[in-house]
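See below for the structure under consideration.
All values reported here derive from a predicted model rather than from experimental measurement.
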Protein chains: 2
Amino acid sequence: MSPARTTAGAPISSIGRGIAVLGCFNERRRALTLSELSEKSLLPMSSTHRVVAELVAGGFLVRGSDRRYRIGTRVWSIGQLAPVSDQLRHRALPTLARLYEETGENITLAVLDRGQALYVDRIGGERSVHTASRAGGHLPLHTTGVGKVLLAWQSPEAIEKYLSRPLTRTTPYSIVDPVKLKTELVETKNRGYAIARQESTAGNGSVAVPILRGGRCVAAVGVVAHLTHMDIPRLVEVLQQASDSIRKELEDDH
Amino acid sequence: MSPARTTAGAPISSIGRGIAVLGCFNERRRALTLSELSEKSLLPMSSTHRVVAELVAGGFLVRGSDRRYRIGTRVWSIGQLAPVSDQLRHRALPTLARLYEETGENITLAVLDRGQALYVDRIGGERSVHTASRAGGHLPLHTTGVGKVLLAWQSPEAIEKYLSRPLTRTTPYSIVDPVKLKTELVETKNRGYAIARQESTAGNGSVAVPILRGGRCVAAVGVVAHLTHMDIPRLVEVLQQASDSIRKELEDDH
DNA sequence: ATGAAGGTTCCAATGACCGGAACATTACTC
DNA sequence: GAGTAATGTTCCGGTCATTGGAACCTTCAT
């Protein structure tokens, strides 16, 4: 019997399998059957069954009455301890709320996570447009304001690496040409803020600025609005004030 | 070489070890060294090292510049998919906010998780008292209003099981006598709400009501306030309205 | 009833995992 | 800055947990 291996031939550890199973869940797929988990995790049914049983025993998965598996409460609980939630999220929240009061639009806070923009928080209400971002959700780096900021402030090597892989086209306006995107990123860093126009959602645009600490971009704040509503100079101004404000919050203690 | 075993002699799976390592983190200990993880997880250093390396590779742990390990962003991200966050938390938030407006006190929402009260959300500001509860944090079931509610609506067997283990004394007012606690739980269920008086924090009291779905108590909402501020009949009334409101939210779709 | 899909259990083979020991690095002491 | 303790990392042979195919059971649709 050949042991578990990736397509590349490297063995996969048991823990890696557990993580692979948990990684099958996303915003679109919150409740999965065993077969679905087996298919998505590329593990045989019997292996999936065992791994899932162990995750259930540990409280990392729960089986609902519909025989589907969901992420367990314990993962949520442990996840609350992550620095992104503990430090960034809580400290930025008041500033994001103020930003929302000032603009009436969707406010997003994102960090770089595994080559994507991870939305740490989103404040928005009925007044504002519907957006694709959600707290906890991921979006590509090249189709949103916050994503472009996060990418533009990366090292040149990291940027090249990102550009070397095919860029997904989310809307007809998405920039999928590496050369054009590179120009866009340079421009973004030079002017200090990013703009996206219908590159992620039709009709929507966004403006975003970095939150810098020690020269590194630790997060990005952005505003998402109907393209027709967007008063870019004003948004850039309030965003830069907010970015300063969050940076100071983060510096305060520790 | 004897394999990994629990004190009872049962073997521990690799995935169980990974979960054990992640379980070492809590609100008080968010950044742990390898030695600390080894000590707390009861695993040998070399095993801890390997397990930790795998968790880091999977994005479940990160090593900071201080050589300490923290919970990775990915756990937070996956945890956002847990029903507790997805359904309960988001749906209850507006009601909790209203409750806060009405009372000006700390509002807590908790569920039963592994024999403890898990605080799913807390709304409170400068006006309200300082409490021990935090979103993501755990507290004993017998020292808080929400805890008593969650326990009182459990099956008689589950209650007996809880009472059979020694009850921690958090303050001099904590009820640690199983007989007295049982009486208190019966009383709680009969009247439909729980009261705690300085049993968790000196000077503070709390009132809490269940959120019932199909006869089961799926969560508890509570108000924490200075004992001297507490107008119990009024709090019970607004809490019961809030409970109804949240129940309806949960019933709405799906 | 019948069949198909999904889920669970069984089991022999084996290689991933185990942890002690040796080594390397960092942090602390004087 | 040398000495030393504490912490972290690598190595490696033995072994047992892990693995996945196959058989079996359950659920659901028709």
Side-chain angles (χ1 to χ4, degrees), chain A residues 1-25 29-72 254, chain B residues 1-25 29-72 254:
Chain A
M1 233 163 300
S2 69
R5 295 188 178 280
T6 60
T7 48
I12 279 193
S13 71
S14 293
I15 289 181
R17 283 159 182 250
I19 292 177
V21 166
L22 292 173
C24 293
F25 294 85
R29 307 185 177 278
R30 298 203 177 128
L32 297 170
T33 64
L34 191 64
S35 321
E36 288 166 341
L37 284 171
S38 170
E39 187 191 352
K40 291 189 156 278
S41 65
L42 305 176
L43 297 175
M45 270 289 275
S46 55
S47 299
T48 309
H49 186 264
R50 192 166 7 87
V51 170
V52 162
E54 281 159 6
L55 290 171
V56 169
F60 273 38
L61 281 183
V62 286
R63 175 168 48 197
S65 53
D66 55 358
R67 313 178 108 256
R68 284 171 178 273
Y69 292 94
R70 280 161 237 269
I71 297 296
H254 184 71
Chain B
M1 238 163 298
S2 70
R5 295 188 179 279
T6 60
T7 48
I12 280 193
S13 71
S14 293
I15 288 180
R17 284 160 182 250
I19 292 178
V21 166
L22 292 173
C24 294
F25 293 86
R29 307 185 177 279
R30 297 204 177 126
L32 297 169
T33 63
L34 190 64
S35 321
E36 288 166 341
L37 284 171
S38 170
E39 187 191 353
K40 291 189 158 281
S41 65
L42 306 177
L43 296 176
M45 270 289 277
S46 56
S47 298
T48 309
H49 186 265
R50 191 167 6 88
V51 169
V52 162
E54 280 159 7
L55 290 171
V56 168
F60 273 38
L61 282 183
V62 285
R63 175 168 49 197
S65 53
D66 54 359
R67 315 177 107 254
R68 285 171 176 273
Y69 292 93
R70 279 160 240 268
I71 297 296
H254 186 68

Rounded to the nearest Å, what distance is computed from the [atom1] atom of residue [X] to the [atom2] atom of nucleotide [N]?
{"X": "A:Arg50", "N": "C:dC17", "atom1": "CZ", "atom2": "C1'", "value": "14 Å"}
{"X": "A:Leu43", "N": "D:dT18", "atom1": "CG", "atom2": "P", "value": "14 Å"}
{"X": "A:Glu36", "N": "C:dA5", "atom1": "CD", "atom2": "C1'", "value": "12 Å"}
{"X": "B:Arg68", "N": "D:dA6", "atom1": "CZ", "atom2": "C1'", "value": "13 Å"}
{"X": "B:Leu34", "N": "D:dT10", "atom1": "CG", "atom2": "P", "value": "11 Å"}
{"X": "B:Ile15", "N": "D:dT18", "atom1": "CD1", "atom2": "P", "value": "8 Å"}

Between [X] and [N], does any side-chain N or O lie under 4.0 Å from OP1 or OP2?
{"X": "A:Thr48", "N": "D:dG20", "result": "no"}
{"X": "B:Thr33", "N": "D:dA6", "result": "no"}
{"X": "A:His49", "N": "C:dT8", "result": "yes"}

Listed nucleotide nearest any side-chain atom of [X], set [options]:
{"X": "B:Ser47", "options": "C:dC17, C:dG19, D:dA22", "answer": "C:dG19"}
{"X": "B:Met45", "options": "D:dG8, C:dC18, D:dT18", "answer": "D:dG8"}
{"X": "A:Tyr69", "options": "C:dG20, C:dG6, C:dT8", "answer": "C:dT8"}
{"X": "A:Ser46", "options": "C:dT8, D:dT9, D:dG20", "answer": "D:dG20"}
{"X": "A:Pro44", "options": "D:dG21, C:dG7, C:dC18", "answer": "D:dG21"}

Is there a side-chain contact between B:Met45 and B:Leu34 (heavy atoms, below 4.5 Å)?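 With C-beta onward as the side chain, the pair touches.
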List the steps and the verdict of side chain to side chain contact (heavy atoms under 4.5 Å, CB included) for B:Leu37 and B:Leu43. CA-CA 8 Å; B:Leu37 284 171; B:Leu43 296 176; over 6 Å; no
Determine whether more than 12 heavy atoms belonging to other residues, nucleotides or ligands lie under 6.0 Å from atom CZ of B:Arg63.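 Not more than 12 within 6.0 Å, no.
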Spatial distance of atom [atom1] ([X]) from atom [atom2] ([Y]) [nearest 0.5 Å]:
{"X": "A:Cys24", "Y": "A:Leu42", "atom1": "SG", "atom2": "CG", "result": "8.0 Å"}
{"X": "A:His49", "Y": "A:Ser35", "atom1": "NE2", "atom2": "OG", "result": "11.0 Å"}
{"X": "B:Arg68", "Y": "B:Leu32", "atom1": "CZ", "atom2": "CG", "result": "7.0 Å"}
{"X": "A:Leu22", "Y": "A:Tyr69", "atom1": "CG", "atom2": "OH", "result": "13.0 Å"}

Let me spell it out: for each of A:Ser35 and B:Arg67, pick the nucleotide of DNA chain C with the closest heavy atom. Which residue's pick is nearer the 5' end?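 It is A:Ser35 whose nearest nucleotide is closer to the 5' end.
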Which residues in residues 53-64 of chain B have at least one heavy atom lying under 4.0 Å from any atom of DNA chain D? B:Arg63
